[in-house]
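Below is one structure, written out as structure tokens, with a few remarks after it.
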Amino acid sequence: MKVKRLALVNGDEYENVELVIEIPIEIESIVPGHFIGVKTKQYTIYLQKEFIASLQLEKNLRAISS
């Protein structure tokens with residue numbers, strides 16, 4: 001899924017990234033279903049879904065956590 005802007009609860013922000021659900025088995029085996037990948041042009045980071053504060057999709061849809 002293409003994301004225009006992604007904000008994390010710690011204040012970090014990413015622009016023009018892609019969310020991926022293919023998680024390496026080493027991470028997925030620790031806490032299944034709790035991680036998501038954020039793919040940039042240079043690297044992919046894996047973080048807990050709860051760390052996402054808000055995201056803005058390219059199609060002008062926006063989701064903000066409570």
Side-chain angles (χ1 to χ4, degrees):
M1 171 189 315
K2 299 279 185 182
V3 176
K4 186 174 184 178
R5 188 173 84 64
L6 173 72
L8 303 181
V9 295
N10 66 357
D12 289 352
E13 292 188 9
Y14 298 91
E15 292 186 2
N16 301 317
V17 296
E18 182 179 354
L19 296 182
V20 294
I21 57 172
E22 296 84 21
I23 307 300
I25 191 67
E26 297 84 8
I27 297 173
E28 187 67 18
S29 65
I30 298 170
V31 187
H34 285 265
F35 286 86
I36 193 160
V38 179
K39 186 175 183 178
T40 70
K41 290 181 181 179
Q42 293 85 17
Y43 53 86
T44 302
I45 62 168
Y46 300 96
L47 51 91
Q48 290 181 323
K49 295 175 184 177
E50 294 82 10
F51 284 4
I52 298 174
S54 68
L55 59 91
Q56 183 177 8
L57 302 177
E58 290 185 347
K59 296 184 178 185
N60 293 327
L61 297 174
R62 189 172 186 170
I64 301 173
S65 65
S66 55

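Only a predicted model underlies this, so the values are computations on that prediction, with no experimental measurement involved. When a residue number appears, it is its place in the shown sequence, counting from 1.
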Please set out all donor-acceptor pairs under 3.5 angstrom arising from side-chain atoms of residues 35-47, sequence neighbours excluded.
unit_1: Thr40; atom_1: OG1; unit_2: Gln42; atom_2: N; d: 3.3
unit_1: Thr40; atom_1: OG1; unit_2: Tyr43; atom_2: N; d: 3.1
unit_1: Thr40; atom_1: OG1; unit_2: Tyr43; atom_2: O; d: 3.0

Please tabulate, one pair per line, all N/O donor-acceptor pairs under 3.5 Å involving side-chain atoms of residues 7-25, not counting sequence neighbours.
unit_1: Asn10; atom_1: OD1; unit_2: Asp12; atom_2: N; d: 3.0
unit_1: Asn10; atom_1: ND2; unit_2: Asp12; atom_2: OD2; d: 3.3

Main-chain N/O of Gly33 paired with Glu28 side-chain donor or acceptor, under 3.5 Å: yes
